[in-house]
Amino acid sequence: QVHLAESGGGAVQPGGSLRLSCAAPGGILRIYSMGWYRQAPGKQREVVATIGSGDSPNYADSVKGRFTISRDNAKNTVYLQMNSLKPEDTAVYYCNLVHGTLASTFSSWGQGTQVTVSS
C-alpha cells in the first residue's frame, strides 16, 4: 500500500477558504492521475477534481469556479484550493493516486481529512 499524506482540512465559515495537500512518496515509476474525492454522511463518495499528467483538470459541476486542483510532478504532490466554501461542501475529502506498470494499475487512497463548513 502506498502511503499518501494528507493535510489542510479544518472547520471554516461559509465563504471561507481551505487548501488541501496530498504528497505521495518518491520512487513511483508511473503516475497516471491524481485527484480528490469526498464523501458526506448519507451520500456516495463522489469525485471532486482530477488532474492528469498533462495538467488538464476536471471538476465536478458543484465545485466549478470555486475549487482549483494543481499538481507538482517533481514532488508527487496534488493540491486542492477551495474558495467560497458552502455548507454542502462538508465531507471527508480523500486524496487519490492512480499509478502502475505495464502489467497492472493501482489506485491508492489517503486516510481522509475532514472539511466542515458551518456558521
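Index from 1, following the sequence.
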(request) For atom CD of Q111, decide whether the heavy atoms of other residues, nucleotides or ligands shown that lie under 6.0 angstrom number more than 12. (result)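 No, not enclosed.
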(message) Would you say that more than 12 heavy atoms from the other residues, nucleotides or ligands in this model lie under 6.0 Å from the CD of E88, or not?
(response)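 Yes, the 6.0 Å shell around CD holds more than 12 heavy atoms from other groups.
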Hey, are the side chains of [X] and [Y] touching, using non-hydrogen atoms and a 4.5 Å cut-off?
X: S17; Y: R19; answer: no
X: C95; Y: L4; answer: yes
X: R66; Y: D89; answer: yes
X: R71; Y: I69; answer: no
X: M82; Y: W36; answer: no
X: V2; Y: P25; answer: yes

Taking [X] for the side chain and [Y] for the main chain, is one N or O donor matched with an acceptor at less than 3.5 Å?
X: Y79; Y: T68; result: no
X: T90; Y: V117; result: yes
X: N96; Y: S108; result: yes

If Ile, Leu, Val, Met, Phe, Trp and Tyr residues are connected whenever their side-chain heavy atoms lie under 4.5 Å apart, and connections chain through other members, are [X] and [Y] in the same group?
X: V48; Y: Y94; answer: no
X: W109; Y: M34; answer: no
X: L85; Y: Y37; answer: no
X: V47; Y: L20; answer: no

(message) Return the CD to OG distance between Q13 and S118, rounded to the nearest 0.5 Å.
(response)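 Here the rounded value is 8.0 Å.
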(message) S104: which residues meet the side chain to side chain contact (heavy atoms under 4.5 Å, CB included) condition with it, sequence neighbours left out?
(response)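 Checked S104 against side chain to side chain contact (heavy atoms under 4.5 Å, CB included); matches are T101, F106.
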(request) Determine the minimum heavy-atom distance between A24 and L97, stating which atoms define it. (result)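 Nearest heavy atoms, A24 then L97: CB-CD2, 3.9 Å.
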(request) Measure across A40 and A91 and return the closest heavy-atom pair with its distance rounded to 0.1 Å. (result)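 Shortest heavy-atom contact: N-CB, 3.9 Å.
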(message) R38 and side chain to side chain contact (heavy atoms under 4.5 Å, CB included): which single residue from V115, V92, V63 fits?
(response)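 Only one option passes, and that is V63.
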